[in-house]
Each structure stands twice: as structure tokens, then as C-alpha cells.
Amino acid sequence: MEIRTRFAPSPTGYMHIGNLRTALYEYLIAKSQNGKFILRIEDTDQERFVEGATEIIYNTLNMTGLKHDEGPDIGGEYGPYIQSQRMGMYMDYAKELIKKGHAYYCFCTKERLDTLKSSNEKGDAFSKYDRHCLTLSQEEIQKNLDAGMPFVIRQKMPTEGTTTFHDVVYGDITVENAELDDQILMKADGFPTYNFANVVDDHFMKITHVVRGSEYLSSTPKYNLLYDAFDWEAPVYVHLPAVMRDAHNKLSKRHGDKSFEDLINEGYLPEAVVNYIALLGWSPSDNKEIFSLKELEQCFNISGLSKSPSIFDIKKLTWLNGEYIKNMDAESFYILAENRLKNAIKNTTLDLKKIAVLLQKRLETLNDIPRLVDFFDALPEYSTDLYIHKKMKTTEEIALSSLKAALPVLENITDWTENNIHDALMSLVQTLGIKNGQLLWPVRTALSGEPTSPGGAMELADILGKEESLKRIKIGIEKLQNTLS
RNA sequence: GGCCCGUUGGUCAAGCGGUCAAGACGCGGCCCUCUCACGGCUGAAACAAGGGUUCGAUUCCCUUACGGGUCACCA
């Protein structure tokens, strides 16, 4: 049998990391077994409608490569794939359930339910619907219906025995039927509740594996009873532990946790995010950590899913993102970095590709770029303290004499290449009989004006060009002379 | 509160009766080196507690503690 999973997000206007991970696992469960991954938009809550929200869902799936096989935008055999367009069918199925004795009309007012609840509130008493309307006679029901009295339809739970369902990650779970509330299937406005719509939709879309957050674990017995009542085959359940911000709280946009779009804007790569969240709650059979989506499709296995919640660790994501950047070929990296480089460096004579090469091994996110390359554009103000470096065995005096010695040597270079700069400086080191660092550290410092820089003296000199390099060295000499006089 | 679920280093996690309890991130140290970064090596760091079962428990069972979920005409 073909595996079919579905991703069923509500269009909220952003892609929550927890939801994205659910989508990923749904995709992988399907694709690891040549199955189909379906997108269904759950937009029944019209009040929460957000403009452009469905586009964000499409974009995210697109960027991450979680390509769906059926969905509102591409169609499919089991549409429509937008829940609001399926509204016609639910009432019929609810009525079928009534006929079969698994559901019943309820005319109780909101007020009555509220007092019912508040009278039970104070203690351990479990507040359940009291089945006031279960005993209504056929005549009474018809009379109420004819009078146009608002009604809901409730699922009639068994009062005895237990219900057991199997979950792939949590195992067999059994509950007392007496614990189950007669949940509402159809609301007074004629719309189905989520609980009901899901069962009906999943059934008709032939979903074989229902994959969702563990918050649905406790309502799953009710779903199962619904499948039984219809005499439909229940799906395989895969409940996923939550993705947490810390030990006590789930990740939530409301509390400032980043959405997928936020991460992308902060310079994270979609591939790295996907890779990272795959590892949050799942682990492969070996120790591999870097996976392309294709590789995940190959080796994903449900048995690697874990039961306990995991905390989202931005540091590890950041590390992984750095790995992706480092492992890229130079051209791809340049394409990725180009815009940020151009924004950070106004001087158009500089060779951005050379700068990109220096950057690639030094970035964790793309947003690190501006602060690393600022000095190329303009030499920052700096203190001559920078020239003092214990390990390089430099003092301000040594720095001054090194810079003075370097100046004519560099001026003499006619063909300004990194090789020639290298040879000239290294032979100067020989002539002066000093350590490499005693010459190169001062030069690097003069060229960058920073305590650290991507690249050393020779690389920076090459990129800055002869004229600018000499200018900066002269500035360094001047500063040092001022300090020392 | 009832019910359900969970608990291995700070974090992600392997483990599925016998291990010196992997690996990764982060943190510390060393090496490489013209700074930073990369790379290499290395160190500290964990089975929530108590009872069983067993020749032997991180692993199986029970209890406790702590944490999470759920108890809507929301999804």
C-alpha cells in the first residue's frame, strides 16, 4: 500500500519551526517509502485569516525542498485541498453517525454548559458533558429542529471498557472510555470542529499515516472511536514530541522565538535549518550529522524518532550553518554572499570574489559579513595599542621600524600580486633578521586597523591594492610616531 | 485535580540485561599559524530517587519526585 502523509497547517502568516519539523517528518516518512506527501490548508478559522499566509506556506515548502505531491496549488485526485472548500460534506457524515447511534443532537445552550462546568470546577471532579440531550425523544428532537433551535452534534462515547490505540513512537496507549467527553462534531454554525473535519478529510484523502504533535495524543482515542463508528480503517499514528525553547516552554512565535523566515533573514541557509531540525527529535542509525534532504529521504526511519521533547539550540544550528557555508564551492558561496558584500563595501574597485574566498571559512551566518569586511571600505580609527602583541613579539617601537622598512620594499613592487608581496615581505624578514610576526603583524594591523581580520598582511595588501596599502601603512607610521614622540 | 506521556553530560543524542556509558554542539587546553577563522589532538562534563526481578540493571516492573500535554461550539 502506498504511504500517504499530509501537512495540514493553518495559514497564520509565518512558518513555525515546530510545524516545519512536523512537515519535514511527514515528508520523510512518505518519501523514505516512495509515498506521497499532501498539503492541506486548514483555514476554517475565518477570523484568523491572514493575507498572504498561504503564500508563505508555499514559499517555505519550496525553499526547503519539501515538495508536495498534491495540494491546493497543484491539485490532485482527492481535492479540494483547502478545508473551507470542503464544507458541504461534513454534516452528511455527522448525520450518518447519528443514524448509526454514535452521535446525537444537543440543544444545550452555552449558558447551561457554563453552569455545568462551574459547578464542577472546584475540585477533582472531571467536567464532562452530562448527556442532558442524549435522552431526548425523536419527537422532541424533531420539534426543536422544526423550531429552528440551534444545535450541535456530539459524539456518543461508550461508557464502559477501554480504548487502546497504537502509536508508532509512544507504543500502545489505553484509556478508560468513561474518561472521554462527548465531544462536539458539528458546531452550531454548521461548521465541523477540527476533530471531526480531520477524521473525515484524512479518510477521504486516503491518508495512511497521521503525523502530528503529541498534544493530540490524548484526543486520539476519540478519533479512533470515530473511525470505528464509520467503520473506516484508522491510520497509523505518529505523534511527535514538542520542540521547546527551554525546559518548560514550547517554541513560540509569540514569545519571540524565531520563525523559519526569521532564520533565513538572519543569514541561515534553508538546507542547514532543515538538517538541524531533522536532528531535533530524530537520530540516524549511524553518527552522521550532515544530511542533504535527499540523503534524509534515503536513511530516514521512524524508529529513530524520540519520545521526549527537545530544546532548540541556536548554537548548534549556527555551527551547522557554518559547516554548510564552508562546504560549498566558491562560486555558489559568492552568489550567496554577493548582495551582502555589495551592501557592505561601497568601494567598487575591490575584488569581491577574493574577499569572499577569505570569508567563506570564517562565517557562521551570512549576516556575519558586514562586520567582517567593514575595514576594507574605510580604515577605522584605531589605537596604536593594537601594534603591541605579546605572542608576535611586537611593541610599538618594533612596529614602527617594521612599517618603515616595509614601505620602500612594497613601493618597489611593480606587479602587485599576492605572490610578489609574499616574496618581498619574506625576504625583508630575512634581511632584518626578525621573526615573521614582527613584520607581518604590524603590516596586517596597519592595513586593517582591526585587532582581527579575515586574512593576513599579504592577502589584505593584495586585495586593497598598492596605492591604498601604502597609504594605510603611512597612516600607521604616522600614528606610531605620534604615540612614541 | 483526573487522565495520558516523558526523564542519559549545559544542549542534541547513541544505548534496547553484562559497554572504561558512543558521537556532536558548546566550554577549557595544546598544536598549526602573520591576527582571526579553518584544520588536527586533547580535557572536564550524564543514566532523577528509592524499591524490586535477575548471577548481573542505564536497559524490565513498581513507587516517588520533577517536567510536559490534555480536559473548548480553537486548531
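In what follows, chains carry the letters A, B, and so on, assigned in the order in which the sequence lines appear, proteins first and then strands, with residues in each chain numbered from 1. Computed from heavy atoms alone, side chains included, the values below leave out hydrogens, waters and symmetry copies.
A distance of about 16 Å separates the P atoms of B/A44 and B/C30, rounded to the whole Å. Across B/G17 and B/A72, the matching C1' atoms stand 47 Å from one another, rounded to whole Å. Atom name C1', nucleotides B/U19 and B/C4: the rounded distance is 34 Å, in whole Å. B/C73 sits 41 Å from B/C12 when the C1' atoms are compared, rounded to a whole Å. Across the P atoms, B/U59 and B/A48 are found 8 Å apart, a figure rounded to whole Å. B/C34 sits 25 Å from B/G26 when the P atoms are compared, rounded to a whole Å. Of the C1' atoms belonging to B/G69 and B/A46, the separation is 26 Å, rounded to the nearest Å. Spacing of C1' atoms, B/C61 relative to B/G40, comes out at 48 Å, to the nearest Å.
The pairing partner recorded for B/C3 is B/G69, the criterion being a Watson-Crick or G-U wobble arrangement whose two distances lie under 3.5 angstrom. Nucleotide B/A13: unpaired (no Watson-Crick or G-U wobble partner with both distances less than 3.5 Å).
Among the heavy atoms of the strands lying under 4.0 Å from A/Lys361 are primed sugar atoms or P, OP1, OP2 only; no base atom is included. Among the heavy atoms of the strands lying under 4.0 Å from A/Cys108 is at least one base atom, whether or not backbone atoms are also near. Nucleic acid contact class of A/Met458 (heavy atoms, under 4.0 Å, all strands): base. Note on A/Gly455: a base of the nucleic acid sits closer than 4.0 angstrom, heavy atoms only. Residue contacts shown for A/Ile173 are limited to sugar-phosphate atoms, with no base heavy atom under 4.0 Å away. Residue A/Ala188 is in base contact, counting any heavy-atom pair closer than 4.0 Å across all strands shown. Among the protein residues, A/Ser308 comes within range of the sugar-phosphate backbone only, with heavy atoms under 4.0 Å from sugar or phosphate atoms but none that close to a base. If you check every strand for non-hydrogen atoms under 4.0 Å, A/Asn198 touches nothing. Among the protein residues, A/Asn287 comes within range of the nucleic acid bases, having at least one heavy atom under 4.0 Å from a base atom.
Residues A/Phe375 and A/Leu447 have side chains not in contact (no heavy-atom distance under 4.5 Å, counting atoms from C-beta outward). Here the side chains of A/Leu336 and A/Leu269 are in contact, with some heavy-atom distance below 4.5 Å. With a 4.5 Å cut-off on side-chain heavy atoms, A/Leu410 and A/Leu425 count as touching.
Not a single donor-acceptor pair, N or O on each side, falls under 3.5 Å between the base of B/C34 and the side chain of A/Arg444. A donor-acceptor contact under 3.5 angstrom links the side-chain atoms of A/Tyr216 to the base of B/A75. With hydrogens and angles ignored, a donor-acceptor pair under 3.5 angstrom links the side chain of A/Lys391 to the base of B/U33.
Taking the centre of each ring, A/Phe204 and A/Tyr93 come in below the 6.0 Å mark.
The interatomic distance linking A/Tyr194 (OH) with B/A72 (C1') rounds to 15 Å, in whole Å. Across the protein-nucleic acid pair, A/Lys307 atom NZ and B/A14 atom P stand 11 Å apart, rounded to whole Å.
The aromatic rings of A/Tyr104 and A/Tyr129 sit parallel, their planes meeting at an angle under 30°, below the 60° perpendicular limit.
Comparing A/Lys316 and A/Leu279 against RNA chain B, the residue whose closest nucleotide sits nearer the 5' end is A/Leu279.
With distances taken from any side-chain atom of A/Glu215 to the nucleotides B/G26, B/A14, B/G69, the minimum falls on B/G69. Closest contact between the side chain of A/Lys315 and the listed nucleotides B/C73, B/C5, B/C25 involves B/C25. With distances taken from any side-chain atom of A/Asp313 to the nucleotides B/A13, B/U11, B/A75, the minimum falls on B/U11.
Under the 6.0 Å distance and 45° angle rule, A/Arg212 counts as a cation-pi partner of A/Tyr223.
Put simply, A/His248 has a side-chain N or O that comes within less than 4.0 Å of OP1 or OP2 on B/G68. The shortest distance between the side-chain N/O atoms of A/Ser283 and the OP1/OP2 oxygens of B/A14 is below 4.0 Å. The phosphate of B/C34 has neither OP1 nor OP2 within less than 4.0 Å of any side-chain N or O from A/Trp441.
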